[in-house]
Amino acid sequence: MLLCDFHIHTRYSDGSIELRRTIDLFGQAGFDVIAITDHVVNGKTTYGKMANRFRFSVQESHFPDYLLHIQEEAKRAWDRYGMLVLPGVEITKSSLSSRQSAHVLLIDLKTFISAEWEFEKIFLEAKKQDALIIACHPHHSSELMAIDTLYLWTHREKYAPFIDAWEIANRDDVFNVISLKKYPYIAGSDFHRARHLYSWKTMLNCEKEIKAIKKCIRYNRGVAITLFRNGTPW
Ligand code: ZN
Ligand code: ZN
């Protein structure tokens with residue numbers, strides 16, 4: 001099975017490690033597939049304005065450079081480690097209210113999608129680009145300082161049809177509500193610093209190829225989660 005992590009931040013947003021070193025960390029740890037998913041924040045909120053000011057967000061004007069750099073690193077990762085690297089973002093709609101907040105990973109994205117748009121527009125545009133749509137940390141998390149992101153879960157009847165998979169586990173947290181609802185699932189590290197390498201991951205029973213990976217996640221067959229520790233998945 002392919003060892004995968006679909007939720008990784010670099011210094012393009014609020015990760016502490018730059019892209020190239022992040023690639024090497026995962027490559028050396030034996031990963032088969034990873035997605036780089038730096039934040040794209042809603043710049044209209046107070047949080048978003050701060051994030052943009054401190055460069056904790058990929059902005060539209062930098063997006064082509066961001067994609068190009070991931071593309072270059074993806075080629076190096078494939079040649080050196082046989083690891084597939086996918087370009088993505090984390091659409092970050094954060095507010096002071098957890099009920100109004102939601103984060104969504106868009107993976108295999110080709111052109112910029114703004115976090116200022118309504119969810120329906122974001123999902124439709126992502127579908128047009130055939131990007132994977134993943135609802136992340138969708139329920140109460142154990143992180144003390146974090147504001148929970150409950151909007152999509154609260155409105156799941158409306159939005160579930162758009163969502164390819166939900167994060168059933170994020171870093172050290174497990175969200176059992178996803179399995180109770182029998183929603184499609186994956187797990188990811190929400191990698192921001194080196195120690196986050198050791199966290200929940202996804203394993204996929206499919207070819208190491210983008211079309212097969214998307215199909216495997218969307219059909220949600222041959223998907224497993226594993227708690228990756230000390231460099232080995234078991
Ligand atoms: Zn997030
Ligand atoms: Zn994240």
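Order of listing sets the numbers, starting from 1, for every ligand and every atom in it.
- Side-chain atoms of Thr149 and His137 include a donor-acceptor pair closer than 3.5 Å.
- Each of Phe6, Phe191, Tyr81 was evaluated against Phe26; a single residue qualifies, Phe191, per the ring pair (Phe, Tyr, Trp, His ring centres under 6.0 Å) test.
- Ile168 pairs in a side-chain contact (heavy atoms from CB on, under 4.5 Å) with only one of the listed residues (Ile178, Val177, Asn176), which is Ile178.
- Its N, O or S atom nearest to the Zn ion (ligand 2) is what matters here, and for Asp190 that atom is OD1.
- At least one N/O/S atom of His9, whether from backbone or side chain, sits less than 2.8 Å from the Zn ion (ligand 2).
- Shown are Ile36, Ile107, Leu106; of these, the side-chain contact (heavy atoms from CB on, under 4.5 Å) with Val89 is made only by Leu106.
- The nearest N/O/S atom of Glu90 to the Zn ion (ligand 1) is OE2.
- Of the possible donor and acceptor atoms, none in the side chain of Asp79 sits under 3.5 Å from a partner among the backbone N and O of Arg76.
- Coordination check, His103 versus the Zn ion (ligand 2): failed, since every N/O/S atom of the residue sits at 2.8 Å or beyond.
- The Zn ion (ligand 1) does not have Cys136 among its coordinating residues (no N/O/S atom, backbone or side chain, under 2.8 Å).
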